[in-house]
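Following: one structure in structure tokens, then a few remarks.
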Amino acid sequence: MKVEEKILQAVAEIIKEQFGQEAPAATLTLQKTRKEFEGDFSFVVFPFVKMARRSPEQTAEAIGNALLEKLPEISSFNVIKGFLNLSLDGLYWLEFLSREMNNVRFGLRDQQGGAPVVVEYSSPNTNKPLHLGHIRNNLLGYSVACILEAAGNKVHKVNLVNDRGIHICKSMLAWMCFGNGETPASSGKKGDKLVGEYYVRFETELRSQVKKMMETSGISEEEARKTAPLMLEAQELLRKWELRDEETLSIWEKMNGWVYEGFDATYKRLGVNFDKVYYESETYLLGKDLVNEGLEKGVFVRRADGSVWVNLTSEGLDEKLLLRADGTSVYMTQDLGTAQLRFDDFKAEKMIYVVGNEQNYHFDVLQKVLKKLGKPFADSVFHLSYGMVELPEGKMKSREGTVVDADDLMDEMVETARRTTEELGKTKDFNEEEKARLFYIIGLGALKYFILKVDPKKNMLFNPAESIDFNGNTGPFIQYTHARIRSILRTAGQEQVEAIQIRMPADKLNLRERNLLRTLNEFPQVVAEAAAELSPAQIANFTFELCKEFNQFYHEHSVLNEPDEQVSDFRIKLSQLTAITISNAMGLLGIEVPERM
RNA sequence: GGUUCCGUAGCUCAGUUGGAUAGAGCAACAGCCUUCUAAGCUGUGGGUCGCAGGUUCGAAUCCUGCCGGAAUCGCCA
């Protein structure tokens, strides 16, 4: 049993013995002692002063004295107002360290069995390259998957690629009309960028057609857009695609192939991956069976024009279309189908969709429709809704050219890492390959930490004019702390800690060491909470706290120059566990930590 | 207009199953490298936790109203 639970259990017994009343579990709260007071854990006695019929101070004293007798782990206590501050015996902390110091998986649970969790993230369209918004999505999805895994879940990462539809046809059409056979190989352009250019080209050409039509025939912009030759051709292309026209399909396959090559490069550099990739072209028809099912069950209705609707007004929402009059499916139809497919594929206990908060309504509807259908997995659908990344001037808009491209941003980060590192003169004895590797690790680390340290559900601000910081609460600060520790361990010749017992007497444990141990001890719990909340930010904040504490310790006490051999040995082990923890925690964020920097 | 989310230091963010004097980082200023990496450490200044009520021994945290911002309310995805 964890010592926190032991304390609470003992306190409950004491309250019953001394005050003759059962303490409701919810009123028993143990918290970390704030650093301005002495102690490890603090118990709040306010809820019990009434039943104790004593002052808060007296109540705390009474509980404290009883605890001291009951639990050998507790060495002393002090009382400030209604707070009972408990100090653990140093021996407890030393035992914790010797238990975990060689555990390279500290904080990471093994798989616990049970149904798996599916995490869908990324879900790109194949007509445009990835941008900053996708970066947040990808980093979040990947990290959440890692965290769930570390909490003992079996996890499947999946991607659902939107590879069909009118938007894809637009870039195809533009390439057919204006491309002159251009390929990534012939132009040296990255595949996704090339296709993206043709998508933009379509929009420009369309706009000039629309403008001309409005001038010559005086029709409205809306009307012109609908009837412009290019738009009609794009729709015709979509029809041909749905009829499996050979030529259309072959161009579609070719251009999507280019895009996937480009995406793969971006994903690889970003360090994310998937266990399974779904393609909408293969799944978009799946929802129709469910629509029929709903009609048979009488939970959906077919209107006179043939379209199918679901009425969600009793659930506080509107009526929602599920199938068009011509029988073709809409976004919701597809998502119903893929939810079923995903459940059939994995029998998951939870299906997490990492999708921006602009789709809150859609997922609300999705879940309610699945419930209407009586699907048992309706409650397993969970929308991990994250906030938008905004620029100082507001939302990114492709039309105004303010979209921050994913590849460009990574380039800039690596370049900043290079410049900063070389200014500091830290890589004199690195060869070219080592340097490139280091700059990549630092640059990506800075970017990932910057994004993941913010609570997922909140909108966040990115200012391209100010480069992402490398000092303070940042990825490089954490990476630096790790490199520092590894340097000590190298010098000590103990890159792998030997399994010798700690011999330092417990009373030599100083404040910094104690703080560090206390923080390290929290890591498994932090992982559990981050998994429950699906929040990488909690891992990030914990790791920053840990690094700050290590640096304070490092500054005040020497590890290798400590004359007392037992103390020095203890500090090496303490440093080792800190390095393991930093590395594991950053791993959960998809961030690598260097040996030297 | 309806629904949902957000509002904490000049800026970016922590802190919300209700607990102590609301914390970090950046920016500003002042210190610390003959000792294990100064991407570090220490200190100073900086706050009506959007506003007003309410519940409570105790509210940034829970409830109500208002103000401000965002998203959404398509036979788009």
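Proteins get letters first, then strands, A, B, ... in listed order; numbering begins at 1 in each.
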Ring centre gap for A/W241 and A/Y284 strictly below 6.0 Å:
yes
When you check every protein heavy atom under 4.0 Å of nucleotides 23-35 of chain B, what one-letter string (B, S, -) results, 5' to 3'?
SSSS--------S
Only residue of A/R418, A/K426, A/R419 satisfying salt bridge (Lys or Arg N to Asp or Glu O under 4.0 Å) with A/E422 is A/R418
Side chain proximity check, A/I572 to A/L560, heavy atoms < 4.5 angstrom
yes
Does a side-chain N or O from A/Q552 land closer than 4.0 Å to OP1 or OP2 of B/rU42, or not?
yes
Going by the angle between their ring planes, with limits at 30° and 60°, are A/F523 and A/F542 parallel, tilted or perpendicular?
parallel
Compare side-chain N and O positions of A/T420 against OP1 and OP2 of B/rA39 and report whether any pair is under 4.0 Å apart.
no
Verify stack between A/F37 ring and B/rA20 base, 5.5 Å, 30 degrees
yes
Here the distance between atom C1' of B/rU16 and atom CG of A/N541, to the nearest Å, is 14 Å
Which value, in whole Å, describes the distance between the C1' atoms of nucleotides B/rC5 and B/rG10?
26 Å
P atoms of B/rC73 and B/rU8, separation to the nearest Å
27 Å
May I ask you to say what A/E280 touches in the nucleic acid, namely base, sugar-phosphate or nothing, with a heavy-atom cut-off under 4.0 Å?
sugar-phosphate
Is B/rC33 syn or anti, taking syn as a glycosidic angle within 90° of 0?
syn
Considering only atom P, compute the distance from B/rU44 to B/rU12 and round it to an integer number of Å.
25 Å
Quick one: do A/E315 and A/K368 make a salt bridge, cutoff under 4.0 Å?
no
According to the interplanar angle, ranging from 0 to 90°, do the rings of A/F48 and A/F43 count as parallel (below 30°), tilted (30 to 60°) or perpendicular (above 60°)?
parallel
